[in-house]
Amino acid sequence: MSKKMQITLNVNGTRHELLAEPRTLLIHVLRENLGITGPHIGCETSHCGACTILMNERSIKSCTVFAAQADGAEITTIEGLGTPDSLHPLQEAFREHHGLQCGFCTPGMITRAAQLLKENPDPTEEEVRFGMAGNLCRCTGYQNIVKAVLAAASEINTAKEAAQ
Amino acid sequence: MIPAAFEYYRPDDLQGALALLHEHGDEARVVAGGHSLIPMMKLRMAEVPHLIDLQAIDALRGITVDGNRITLGAMVTQEEIIAHEGLATLVPILREAALQIADPQVRAMGTVGGNVANGDPGNDMPGLMQCLGATFHVTGPDAAREIEARDFYEAAYMTAREDDEILTAVSFDAPNGGQSYQKQKRKIGDYATAAAAVILTREGEHCTGASIAMTNLSDVPVWAEAAGEALIGTDCGEDAVIAAINAMQEAIDPTEDNRGPVAFKRHTAGIILARAIARAWSRA
Ligand SMILES: Cc1cc2nc3c(=O)[nH]c(=O)nc-3n(C[C@H](O)[C@H](O)[C@H](O)COP(=O)(O)OP(=O)(O)OC[C@H]3O[C@@H](n4cnc5c(N)ncnc54)[C@H](O)[C@@H]3O)c2cc1C
Ligand code: FES
Ligand code: FES
């Protein structure tokens with residue numbers, strides 16, 4: 001055991017201070033220390049994307065970041081994107097278009113898609129597939145995931161136009 | 001998948017990082033994006049009692065374009081390269097290659113410095129940098145020096161960088177001519193079965209200059225000088241391409257692994273090089 005260090009994380013707008021060994025993976029801090037269990041552990045080897053979160057406005061795999069590296073970071077998880085009463089357009093679209101079956105990959109998928117749409121608000125199907133290539137799904141065959149992301153994009157864009 | 005324990009440091013300048021490296025010697029390593037090092041630490045194939053995080057060192061960041069000279073700070077991520085408009089016009093091969101590395105989440109963390117310093121034959125940037133004739137800038141406890149990308153790689157995970165040196169930047173001239181990075185992989189996000197970086201200049205129907213480098217076909221990246229020479233003066237037609245492929249085959253030394261037997265890798269290397277030459281030529 002090495003010494004624990006003081007770590008500060010801003011997760012979904014709430015500041016957390018905790019003690020953790022530097023080697024603790026960020027996904028474990030989120031799930032075990034903070035009880036934020038939206039991000040999942042699929043492979044733990046940086047391949048599946050189930051652990052995807054936003055860190056300082058970049059999509060990253062939280063199984064391949066040490067807690068120590070994340071000290072001071074701004075983090076958004078699926079819990080920060082919508083609430084059961086007020087779903088994020090992506091959450092709504094995944095439900096509407098059957099973008100999930102078992103749901104294990106879904107938090108990572110939606111969190112990644114949220115950042116993709118920020119960077120590219122009106123993507124083509126090909127751009128969605130390429131931009132979601134770091135997220136694996138064992139159930140859906142991806143078709144409905146892609147449909148859901150495209151539908152959410154047009155929903156968000158329509159809402160934006162209406163607001164203007 | 002929990003690595004051995006380590007002490008963590010986040011110095012905010014290069015001198016601080018160098019002092020820590022010097023103090024802890026063999027027991028210390030720097031971490032950039034961590035997307036090669038952390039997997040190795042999790043598998044306990046790398047043990048790093050003292051981990052020095054470079055993320056707070058501003059001097060290692062930033063993309064500079066000075067006339068024709070391009071400098072990438074070691075901590076520039078693959079994502080930043082892809083998003084940079086100036087680079088996309090000046091050195092399209094850089095963006096083309098970066099887009100073929102891993103997946104979006106990995107590219108958000110992975111850095112140029114980490115990719116070229118790592119020494120893994122599977123990394124794509126080393127071959128690309130050899131093709132571009134890039135210079136690597138390293139700083140040690142006493143002095144800074146420059147090492148040519150073509151002289152940097154000694155064996156798998158063995159490079160000309162000393163353990164107490166930090167790679168600070170990579171620089172190169174924006175190349176003239178047509179460029180292409182072609183890569184064969186088993187699936188998106190995979191390392192190359194074979195990849196080729198090609199830059200060609202042409203006057204009319206004649207090739208006037210050629211630089212060719214191959215990835216993951218030896219324990220180091222391979223700058224295939226003779227393969228480039230085989231194209232110079234030709235029209236880059238079928239015979240010239242075959243001559244270049246034959247010269248490239250002399251320079252590579254693939255080994256059998258889960259990406260296939262040697263004969264398959266050689267076959268793939270030939271196809272990928274032909275494709276890269278054709279693309280580069282059409283863009284020249
Ligand atoms: C799923 C997955 C797929 C991948 N696919 C590819 C691929 O197709 N092609 C590819 O090229 N790469 C691939 N990678 C590797 C990825 O691009 C890495 O990010 C990159 O190789 C290393 O960069 P890093 O910043 O993460 O370095 P780190 O992992 O932090 O460091 C790697 C090594 O370099 C040393 N180092 C880092 N920075 C410096 C410096 N400034 N000075 C001195 N030494 C330094 C470290 O001490 C360490 O030994 C993949 C990774 C994953 C997880
Ligand atoms: S759990 Fe992190 S990528 Fe699979
Ligand atoms: S819905 Fe089951 S893994 Fe994607």
Side-chain angles (χ1 to χ4, degrees), chain A residues 1-7 20-28 32 39 41 43-73 108-109 111-113 115-116 119-120 127-136 142, chain B residues 1-12 27 29-56 75 77-80 82-83 98-111 114 185-191:
Chain A
M1 277 261 293
S2 67
K3 281 196 307 274
K4 291 193 172 177
M5 65 181 274
Q6 173 97 23
I7 290 169
E21 280 189 76
R23 63 172 167 172
T24 317
L25 300 171
L26 180 54
I27 183 72
H28 292 150
E32 288 157 27
I41 301 173
C43 64
E44 225 181 353
T45 56
S46 30
H47 288 94
C48 75
C51 64
T52 299
I53 61 165
L54 304 181
M55 183 167 86
N56 300 329
E57 306 205 352
R58 292 175 305 172
S59 303
I60 60 125
K61 294 175 174 175
S62 59
C63 70
T64 311
V65 174
F66 290 127
Q69 292 172 287
D71 184 23
M109 285 284 177
T111 314
R112 168 62 199 140
Q115 182 62 17
L116 174 67
E119 289 162 9
N120 183 359
E127 286 167 344
V128 170
R129 288 185 186 275
F130 193 75
M132 303 284 293
N135 294 75
L136 302 182
Y142 302 99
Chain B
M1 297 295 280
I2 305 297
F6 56 81
E7 293 287 327
Y8 174 82
Y9 311 84
R10 195 189 289 180
D12 53 19
E27 300 220 309
R29 279 242 224 149
V30 300
V31 64
H35 273 51
S36 287
L37 184 57
I38 294 174
M40 298 284 273
M41 289 172 72
K42 283 170 141 185
L43 293 168
R44 304 218 176 193
M45 286 162 76
E47 194 171 332
V48 184
H50 297 274
L51 189 68
I52 306 164
D53 188 344
L54 302 179
Q55 69 166 289
M75 292 296 283
T77 62
Q78 290 144 18
E79 182 182 274
E80 288 173 284
I82 292 166
L99 280 168
Q100 296 179 68
I101 293 178
D103 60 50
Q105 288 95 316
V106 175
R107 294 194 291 264
M109 293 298 292
T111 66
K185 49 194 183 215
R186 296 170 301 179
K187 64 170 198 45
I188 200 156
D190 192 21
Y191 290 94

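Chain letters run A, B, ... following the sequence lines, proteins first and then strands; every chain starts at 1. Reckoned from all heavy atoms, side chains included, excluding hydrogens, waters and symmetry mates.
- A:L25 touches chain B through its side chain: at least one heavy atom from C-beta onward sits under 4.5 Å away, while N, CA, C and O do not.
- Annotation for B:E47: atom CD does not count as buried by contact number, only 12 or fewer foreign heavy atoms lying within 6.0 Å.
- Pairing each heavy atom of B:A108 with each of A:S59, the nearest pair is CB-O, 3.5 Å.
- Heavy-atom minimum distance, A:F130 versus B:L99: CZ-O, 3.3 Å.
- For the pairing with B:Q105, the side-chain contact (heavy atoms from CB on, under 4.5 Å) check across A:I53, A:T52, A:T64 returns one residue only, A:T52.
- Contact detail for A:C63 and B:K42: the closest heavy-atom pair is O-NZ, 2.7 Å.
- Annotation: the span from B:L51 atom CG to A:F66 atom CZ amounts to 6.5 Å, rounded to 0.5 Å.
- Contact detail for A:R112 and B:P104: the closest heavy-atom pair is NH2-CB, 3.6 Å.
- Side-chain N or O atoms of A:R58 include none that pairs as donor or acceptor with a backbone N or O of B:E79 at under 3.5 Å.
- Comparing B:A4, B:G33, B:G189 by heavy-atom pairs within less than 4.5 Å of chain A, the highest count is held by B:A4.
- Closest non-hydrogen pair, A:Q69 versus B:Y8, comes out as CA-OH, 3.5 Å.
- Partner of B:D103 under the side-chain contact (heavy atoms from CB on, under 4.5 Å) criterion, out of A:K61, A:H47, A:M132: A:K61 alone.
- In terms of heavy-atom pairs under 4.5 Å with chain A, the best-connected choice from B:H35, B:K187, B:Q55, B:E7 is B:H35.
- Residue B:L43 does not touch chain A at all, counting heavy-atom pairs closer than 4.5 Å.
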